[in-house]
Protein chains: 2
Amino acid sequence: MGITQERTAEQDLPYDVFAKACPSRGTLEHVTGRWGALTVGALYEGSLRFNELRRRVDGVSEKMLSQTLHALERDGLVHREAQPTSPPRVDYELTPLGREVAGRLLALIHCVEDRMDEVLAARAAYDSRGA
Amino acid sequence: MGITQERTAEQDLPYDVFAKACPSRGTLEHVTGRWGALTVGALYEGSLRFNELRRRVDGVSEKMLSQTLHALERDGLVHREAQPTSPPRVDYELTPLGREVAGRLLALIHCVEDRMDEVLAARAAYDSRGA
DNA sequence: CGGCATCCGGATTGATACTG
DNA sequence: CAGTATCAATCCGGATGCCG
């Protein structure tokens with residue numbers, strides 16, 4: 001069963017991330033993964049080219065960014081627009097579905113950023129207790 | 001009905017996940033990580049013991065759950081309550097801070113679960129185009 | 001029950017080099 | 001510019017065994 005009390009109890013959902021075999025778990029990982037979250041977050045502001053994205057997401061390697069974008073594109077969250085010009089130009093942008101997911105993701109990201117002082121204080125307390 | 005209230009562009013925040021060295025990136029990873037997300041999600045319903053959690057989060061090993069809980073406890077998102085009885089009993093629950101983060105995380109999880117049909121359709125389309 | 005320490009194989013990652 | 005290919009290094013993550 002689901003994890004929420006928000007949903008009506010008798011609602012029978014087809015997908016449940018808590019189930020090991022559910023495909024939603026994989027998609028959630030694409031979105032929340034180390035680079036997936038930052039990539040989606042960066043694209044929320046608007047369409048970006050490959051290297052723009054690379055600069056925005058501080059620390060991604062070409063390979064990881066490429067791989068991340070492929071996964072997100074396959075899941076229908078990101079749209080890839082390639083122009084066969086020379087030099088080539090490729091723009092990435094969120095799909096409508098991607099925007100919805102990104103909205104939720106950014107709410108989470110902002111929540112964490114806004115509370116970092118508390119988190120850092122908790123860490124300091126934890127570490128001093130332990131040591 | 002904005003999904004998120006967007007921040008004003010010029011807002012100068014102390015913490016930015018997009019920066020490689022920002023500690024918020026680490027915390028975000030604890031929360032969104034493979035097991036972190038499911039652990040936090042499971043605890044949203046209420047306090048749980050170690051093995052209850054283990055059963056709930058289908059697929060975690062004992063080691064990973066333990067490790068995940070430590071990281072979340074250190075970040076001040078989870079509270080650990082140990083009773084020195086025999087046999088020992090340890091309960092885990094979200095802190096107020098943890099609940100806030102969990103709320104956002106669950107919104108994201110539900111969003112993904114609810115749209116899985118679209119995701120799966122996108123995947124099928126992507127794969128047939130590629131092949 | 002609720003853990004921690006150790007080992008170990010395979011998946012993940014990141015430079016680097018190369019291509020269209 | 002926008003990637004792919006390759007290879008070495010790293011990092012999980014699970015299994016096992018032990019302890020309070």
Side-chain angles (χ1 to χ4, degrees), chain A residues 17-18 20-21 25-39 42-43 46-74 78-93 126-127 129-131, chain B residues 18-21 25-26 28-39 42-43 46-74 78-93 126 129-131:
Chain A
V17 279
F18 285 81
K20 187 161 58 174
R25 196 183 269 196
T27 296
L28 184 67
E29 276 163 31
H30 294 156
V31 174
T32 60
R34 179 120 168 260
W35 304 121
L38 299 175
T39 301
L43 287 173
S47 144
L48 288 173
R49 302 177 60 175
F50 189 83
N51 281 318
E52 287 174 334
L53 215 37
R54 192 147 131 61
R55 262 170 264 121
R56 192 94 194 5
V57 181
D58 193 16
V60 236
S61 66
E62 290 177 14
K63 188 174 115 181
M64 284 302 100
L65 181 57
S66 172
Q67 195 173 310
T68 299
L69 285 168
H70 278 309
L72 293 173
E73 188 192 355
R74 191 167 102 99
V78 164
H79 175 69
R80 180 178 183 276
E81 185 89 33
Q83 272 140 30
T85 60
S86 184
R89 179 193 176 95
V90 181
D91 289 88
Y92 291 92
E93 64 183 334
Y126 182 94
D127 290 346
R129 274 199 305 276
Chain B
F18 286 86
K20 185 163 55 175
R25 196 183 271 194
L28 185 68
E29 275 163 32
H30 294 157
V31 174
T32 60
R34 180 121 167 257
W35 304 120
L38 300 176
T39 301
L43 287 174
S47 144
L48 288 173
R49 301 178 59 175
F50 189 85
N51 280 318
E52 286 174 335
L53 215 37
R54 192 149 135 59
R55 263 170 262 121
R56 199 60 188 267
V57 180
D58 192 16
V60 234
S61 67
E62 171 190 291
K63 183 176 131 182
M64 284 301 102
L65 181 57
S66 171
Q67 195 172 305
T68 298
L69 285 168
H70 277 308
L72 293 174
E73 189 191 355
R74 191 168 103 98
V78 163
H79 175 70
R80 181 176 183 277
E81 185 91 34
Q83 274 142 26
T85 59
S86 183
R89 178 191 177 95
V90 181
D91 289 271
Y92 292 93
E93 65 183 334
Y126 182 94
R129 275 200 305 276

Check your understanding: Does A:Tyr92 make a side-chain N or O approach to OP1 or OP2 of D:dG3 shorter than 4.0 Å?
Key ->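 For D:dG3, OP1/OP2 do have a side-chain N/O of A:Tyr92 under 4.0 Å.
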
**Study point:** D:dA2 OP1/OP2 closer than 4.0 Å to side-chain N/O of A:Arg49
**Key:**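 Indeed, a polar side-chain atom of A:Arg49 lies that close.
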
Under 3.5 Å, which donor-acceptor pairs do the side chains of residues 57-66 of chain B form with other protein atoms, sequence neighbours left out?
residue: B:Asp58; atom: OD2; partner: A:Lys20; partner atom: N; Å: 3.0
residue: B:Ser61; atom: OG; partner: B:Met64; partner atom: N; Å: 3.2

Review point. Has the side chain of A:Glu29 got a donor or acceptor atom that lies under 3.5 Å from a matching backbone atom of A:Gly26?
Key: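 No: the side chain of A:Glu29 does not pair with the backbone of A:Gly26.
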
Are any non-hydrogen side-chain atoms of [X] and [Y] less than 4.5 angstrom apart?
X	Y	result
A:Thr32	B:Val31	no
A:Tyr92	A:Leu48	no
A:Arg89	A:Asp91	yes

Please state how far atom [atom1] in [X] lies from atom [atom2] in [N], giving the value in whole angstrom units.
X	N	atom1	atom2	value
A:Glu81	D:dG3	CD	P	13 Å
A:Asn51	D:dA2	CG	P	5 Å
B:Leu65	D:dA15	CG	C1'	16 Å

Revision key, fill the gap. Per-nucleotide protein contact along nucleotides 4-20 of chain C, 5' to 3', at a 4.0 Å heavy-atom cut-off (B base, S sugar-phosphate only, - neither), is B-BB-----BBB-B--B

**Study point:** Side-chain ion pair, A:Arg129 and A:Asp127, N-O less than 4.0 Å
**Key:**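 Answer for the salt bridge query: no.
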
Review point. Rounded to the nearest 0.5 Å, what separation is found between the CG atom of A:Leu72 and the OG1 atom of A:Thr39?
Key: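 Answer rounded to 0.5 Å: 6.5 Å.
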
**Study point:** Helical bend (five base pairs per end, nearest 10°) for the helix from C:dC1-D:dG20 to C:dG20-D:dC1
**Key:** 50°

Practice item. Dump the intermediate steps for side chain to side chain contact (heavy atoms under 4.5 Å, CB included) on A:His70 and A:Gln67, then the final yes or no. Key: CA-CA 5 Å; A:His70 278 309; A:Gln67 195 173 310; 5.9 Å; no

